[in-house]
Amino acid sequence: METITLLWTASVVGAGALYWFFWVMGAAEVQGKRAVDLKMGSISNDNVEDKYNQYWSFFRRPKETKSDSVPAFVDTFYNLVTDIYEWGWGQSFHFSPHVPGRSHRDATRLHEERVADLIGARPGHRILDAGCGVGGPMRAIAAKSGSNVVGITINEYQVGRARAHNRKAGLDSLCDVVCGNFLQMPFEDASFDGAYSIEATCHAPKLDDVYGEIFRVLKPGALYASYEWVTTELYKGDVDQEHVEIIQGIERGDALPGLRAYHEIAETAKRVGFEVVDEKDLAKAPAGPWWSRLKMGKVAYWRNHVLVTVLTMLKIAPKGVVEVHEMLYETAGHLTRGGETGIFTPMHMILCRKPII
Ligand SMILES: C=C(CC[C@@H](C)[C@H]1CC[C@H]2C3=CC[C@H]4[C@H](C)[C@@H](O)CC[C@]4(C)[C@H]3CC[C@]12C)C(C)C
Ligand SMILES: C[S@@+](CC[C@H](N)C(=O)[O-])C[C@H]1O[C@@H](n2cnc3c(N)ncnc32)[C@H](O)[C@@H]1O
């Protein structure tokens, strides 16, 4: 083959490989975010480093002084991670039990639809999603049940993303999103027919405050279901240093003011006035391991790391993305260990009813 032909073939193959690496392999498994569109939420590019440092300074403060600043710290966290989550995970920011023979997308949807069944959502109902992210669960629940879902998130950037996804999915007549704090919600008393939260109330410094607010806005007789992040009965923090390190790693990488123990969930629900209808760790057998999706990805993580590094060097992605991506990679390790040891679950399900007085 002539040199010119060789060079020509090499450059075509090289360009094809680069295209595949960045755009095909690097695309989210769900349509939406691509690596080239990564942003840091509503943080301007010059402020990313400061915000990232501000995020870490939270963990250096004594526990008592942290409480008031939690919503702002959680908001900063979601500015930093929302796009990376969407790009590398999808529009639903939660785990689900692995279902043999089904895709991650199906397993995610089934886990969300279970909530609609638990709370008996149906057409005409107004349902609250406390901590809605970019709305993956809200769309699945509205589509399955025909109910109207109102989501609340502390992060303004997520509101924009969620509304855009709702429109694109043709579900904006059923799904609404507001920016606000679920510890002080801008909703009338007794104005919802049902409520749920998926892996969100773990961000509340005091669970009583968010459960109390949800209790207030529900109509008497209405149901509330939640998937909670908790330590299980296997957690032995007083005698096992590895347990402590895993749990602290999860807290640091997921903006948590402090993980709760599984028994605190029903205690809190009863304290604010709910009747507990059911409670179950959905991660327990026969459920497939929720953490397997995190483990499968060594090559994917490496590819993503190369991608964010190159995109940052080219100034396509903002400075700071690499650091945030590294933090998430480490967190994935802690979450996986939490799952393997059985000391942590992200799906401690509780179903409660507001009594009819
Ligand atoms: C409920 C919460 C979030 C749970 C999960 C949706 C996220 C927890 C850890 C995240 C990730 C870890 C590793 C990332 C990887 C390095 C990157 O290349 C692609 C994205 C990740 C897989 C990312 C995706 C979302 C998580 C699984 C908390 C915050 C209460
Ligand atoms: C891990 S995400 C889960 C999102 C969604 N439930 C899902 O499964 O896709 C947690 C969500 O809780 C929201 N959140 C955390 N603290 C909040 C607060 N004080 N008020 C309102 N939303 C909050 C975050 O903004 C984020 O949207």
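Atom set for the values below is all heavy atoms of this structure, side chains included, hydrogens, waters and symmetry mates excluded. Order of appearance sets the numbers: ligands from 1, and atoms from 1 within every ligand. Sequence positions, counted from 1, serve as the residue numbers for this chain.
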(Q) Heavy atom to atom 9 (O) of ligand 2, shortest distance: which of Tyr196, Phe93, Tyr85, Trp229 holds it? (A)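 Of the listed residues, Phe93 has the closest heavy atom.
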request  = Between Cys179, Ala204, Gly131, Gly135, flag the one that comes closest to atom 4 (C) of ligand 2 by a heavy atom.
outcome  =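 Checking each option, the heavy atom nearest atom 4 (C) of ligand 2 is found in Gly131.
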* Asked: Does any N or O in the side chain of Arg163 come within less than 3.5 Å of the main-chain N or O of Cys175, such that one atom is a donor and the other an acceptor?
  ->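 The answer is no, because no donor-acceptor pair under 3.5 Å joins these two groups.
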Which of the numbered atoms in ligand 2 are below 4.0 angstrom from a heavy atom of [X]?
{"X": "Ser92", "result": "9 (O)"}
{"X": "Glu199", "result": "1 (C), 3 (C), 10 (C)"}
{"X": "Gly133", "result": "4 (C), 5 (C), 27 (O)"}
{"X": "Cys132", "result": "4 (C), 5 (C)"}

Contact check: [X] vs ligand 2, nitrogen or oxygen atoms, below 3.5 angstrom:
{"X": "Gln158", "result": "yes"}
{"X": "Ile154", "result": "yes"}
{"X": "Phe182", "result": "yes"}
{"X": "Tyr78", "result": "no"}
{"X": "Ile198", "result": "yes"}

Within the 3.5 Å criterion, strictly below it, is a donor on [X] or [Y] matched to an acceptor on the partner's side chain?
{"X": "Asp176", "Y": "Asn148", "result": "no"}
{"X": "His165", "Y": "Glu86", "result": "yes"}
{"X": "Asp281", "Y": "Tyr262", "result": "no"}
{"X": "Arg139", "Y": "Gln91", "result": "yes"}
{"X": "Ser197", "Y": "Ser226", "result": "yes"}

Output every pair passing salt bridge (Lys or Arg N to Asp or Glu O under 4.0 Å) with a member in residues 226-240, not counting sequence neighbours, ordered by first then second residue.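 Only Glu233-Lys284 qualify under salt bridge (Lys or Arg N to Asp or Glu O under 4.0 Å).
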For Pro137, state whether at least one heavy atom is located under 4.0 Å from any atom of ligand 2.
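Contact check Pro137 vs ligand 2: positive.
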query: Is the closest heavy atom of Gly180 to ligand 2 under 4.0 Å?
result: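 Per 4.0 Å heavy-atom rule, Gly180 contacts ligand 2.
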Contacts of Arg337 that satisfy side-chain hydrogen bond (donor to acceptor under 3.5 Å, both in side chains) - sequence neighbours left out =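 Residues passing side-chain hydrogen bond (donor to acceptor under 3.5 Å, both in side chains) with Arg337: Glu242, Glu340.
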**Prompt:** Can you say whether the rings of Tyr211 and Tyr224 are parallel (under 30°), tilted (30 to 60°) or perpendicular (over 60°)?
**Reply:**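 Geometry flag for Tyr224 against Tyr211: perpendicular rings.
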Compute the centroid of each ring, for [X] and then for [Y], and state whether the two points are separated by less than 6.0 Å.
{"X": "Phe274", "Y": "Phe215", "result": "yes"}
{"X": "Phe344", "Y": "Trp290", "result": "yes"}
{"X": "Tyr78", "Y": "Tyr157", "result": "no"}
{"X": "Tyr227", "Y": "Phe95", "result": "no"}

Relative to ligand 2, is [X] under 4.0 angstrom through side chain, backbone, both or neither, heavy atoms considered?
{"X": "His203", "answer": "side chain"}
{"X": "Ala130", "answer": "neither"}
{"X": "Val74", "answer": "side chain"}

What residue and atom, counting heavy atoms only, is the protein's closest point to [atom], and at what distance?
{"atom": "atom 25 (O) of ligand 2", "value": "Thr153 OG1, 2.8 Å"}
{"atom": "atom 8 (O) of ligand 2", "value": "His94 CD2, 3.1 Å"}
{"atom": "atom 19 (N) of ligand 2", "value": "Asn181 OD1, 2.9 Å"}

### Query
Are any of the side-chain nitrogens in Arg271 or Glu267 under 4.0 Å away from the carboxylate oxygens of its partner?
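Salt bridge absent between Arg271 and Glu267.
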Original post:
Taking only residues two or more places apart in sequence, or in another chain, which ones meet Ala162 in a side-chain contact (heavy atoms from CB on, under 4.5 Å)?
Top reply: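 Applying side-chain contact (heavy atoms from CB on, under 4.5 Å) to Ala162 gives Val177.
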Would you mind listing each N/O atom of ligand 1 next to any protein N/O under 3.5 Å, plus the distance?
| unit_1 | atom_1 | unit_2 | atom_2 | d |
| --- | --- | --- | --- | --- |
| ligand 1 | 18 (O) | Asn304 | ND2 | 2.8 |
| ligand 1 | 18 (O) | His325 | NE2 | 2.6 |

